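Inspection log for the structure reproduced underneath, given as structure tokens.
Remember, predicted model here, so these are calculated numbers, not experimental data. In listed order, ligands and their atoms are each counted from 1.
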Amino acid sequence: MKNAGAATGKADPRRQLASVSALLERPEIKRWIANLSQPLVLEAIQQTLAAYRRDLKPGDAAPTKTEILAGIESRLRRRELDRLRPVVNATGIILHTGLGRAVLPQRAVDALSGLNRCCNLQIDLDTGRRGNRNAMCVSLLKKLTGAEDGAIVNNNAAATLLFLSALAKDREVIISRGQLIEIGGSFRLPDCIRQSGAKMVEVGATNKTHLRDYEQALTDQTAILLRVNPSNYRIVGFTQDVPVAELAALKKNRPVLVVDDLGCGALIDLSRYGLPKEPTVQESLAAGADLVCFSGDKLIGGPQAGIILGKKELIEKIKKHPLSRMLRVDKLTALALEQTLRLFLEPETLLETNPTLRLLTLPVARLKERALKLKALLDAEKLPFDFRVAKGESATGGGSLPAVPIPTWVLSATSSQLTSDQLSRRLRLHEPPVIARIANDQVQFDMRTLMDGDETIVVEALKQVGRTNA
Ligand SMILES: *Cc1c(COP(=O)(O)O)cnc(C)c1O
């Protein structure tokens, strides 16, 4: 704002400011009110006018309505940063925890729109009596995996705490030193075991654990032989761990359980698509695990959830534990998970209908084509950026399929005006936000995690940033 200094006697521009009631008549304001609510927009109008009243000096030119509207819009935009909303994931991380992990299948999203009514969450439509929560999910999971029964909770960390609390409190849980994992900082398996009231008995060495290590640690206090899929890291080289089948054979006639924490919960064998072999839920159950647990929003590609499958009597014990009520899922999760699981009944179309599996298996040739097309679009816009196309690496993320870079193509943008940090920030502040990654001091867009139509948004965002910085 210009300061006209001692320009007394001139017209006071504050008197010429548009009034609140005049602004409320503007079509832009009406549209914002429809989208964002009257109180929010009114507050932005008042704050914008108050800032002008504070800063304008006699002799300054009064702001035009267009300038005032732009001020209001930018205030609203800043507020909007607090809103949970769709973003473009150009990071190449398919299950990005910061971006909500799995992209929900369209079928699940469509089903959620029916929740503007009541639903049969816990009522038996046949008898009219109280029914089983999650009955549909569990029956689908039984069909897909051959499990006897199942329980659904908030996430896999909750599943672990729950089965340990219900089945191993005050008793011993034997676990290999190579499997004492930490997931995302706040979840560490040793803490979880302690919290459940079970006693952790570590066996083996970091890189190698043998069957005899478990055997020697077995006592009449042993409740569980716990195997954990080290899903977010790999021990390579001189290694050995004991498969579920051997643990099952070892416990044979003892009152001891074998539990397999599978983590990412593959329901199909991904090696079919050239991806690394992850143990599937079906294989683990068939190998003799009494229980398995895994997440709903990793390789299943559904909502955040923790799934426990296995022996009926154990699931019943788990469901009766008080924590079960505290960790249960709501109808949004139950419905989205059910619809996601239904997709697995039709394996022929699964890669089209399940975004997580689709992105994971997109052929690299398609991604190259996509990158070249996007570069052509951007070059035609004559923007103040330098665009290049190159090979790159995507990641599964979310603690799944670690150490397995997935080949991809990226489009990179560099600018002589902006650092990569500045450029990526401006892209994040675009509506809708575009989340790119920074590598080699370039802003990179990974073609693997773009959804259909995202190219248009990327072009628009770069045009807008380019215009303000040309
Ligand atoms: C991811 C993971 C967890 C945590 O699962 P959430 O659903 O994120 O709570 C626990 N154990 C293993 C082996 C995992 O891979």
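A pairwise comparison of heavy atoms in A147 and G310 identifies CB-N, 4.1 Å as the closest pair.
Of all atoms in ligand 1, numbered sequentially from 1 with element shown, those under 4.0 Å from a heavy atom of D261 are 10 (C), 11 (N), 12 (C), 13 (C). Close contacts of ligand 1 with G263, meaning ligand atoms under 4.0 Å from a residue heavy atom, involve 12 (C), 13 (C), 14 (C), 15 (O). For ligand 1, the atoms closer than 4.0 angstrom to any heavy atom of N155 are 6 (P), 7 (O), 9 (O). Near K298, with a cut-off below 4.0 Å to any heavy atom, the atoms of ligand 1 are 1 (C), 2 (C), 3 (C), 5 (O), 14 (C), 15 (O). Near F187, meaning under 4.0 Å from any of its heavy atoms, are these atoms of ligand 1: 10 (C).
The shortest N/O to N/O separation between D297 and ligand 1 does not fall below 3.5 Å.
Applying the side-chain contact (heavy atoms from CB on, under 4.5 Å) rule to K208 yields the partners H210, F238, Q240; only residues at least two apart in sequence or on another chain are considered.
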Inset, instruction - Carefully, step by step, assess E43 and R75 under the rule salt bridge (Lys or Arg N to Asp or Glu O under 4.0 Å). - result: CA-CA 10 Å; E43 189 183 54; R75 239 166 240 279; over 6 Å; no
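The closest side-chain heavy-atom distance from N229 to P279 is below 4.5 Å.
Under 4.0 angstrom from ligand 1, the non-hydrogen atoms of R101 all belong to its side chain. Of all the heavy atoms of N229, the ones lying under 4.0 Å from any atom of ligand 1 belong exclusively to the backbone. For Q304, no heavy-atom contact with ligand 1 is shorter than 4.0 Å. No part of L189 comes within 4.0 Å of ligand 1, judged by heavy-atom distances.
Here D446 pairs with R437 in a salt bridge; the nearest charged N to carboxylate O distance falls below 4.0 Å. Salt bridge R370/E455: present, at least one basic N to carboxylate O contact under 4.0 Å. Residues D290 and K251 are paired through a salt bridge, judged by an N-O separation under 4.0 Å between the basic side chain and the carboxylate.
For the residues A157, S295, P230, the heavy atom positioned nearest atom 7 (O) of ligand 1 is part of S295.
Using modelled atom types, one side-chain atom of H96 and one backbone atom of L99 make a donor-acceptor pair closer than 3.5 Å.
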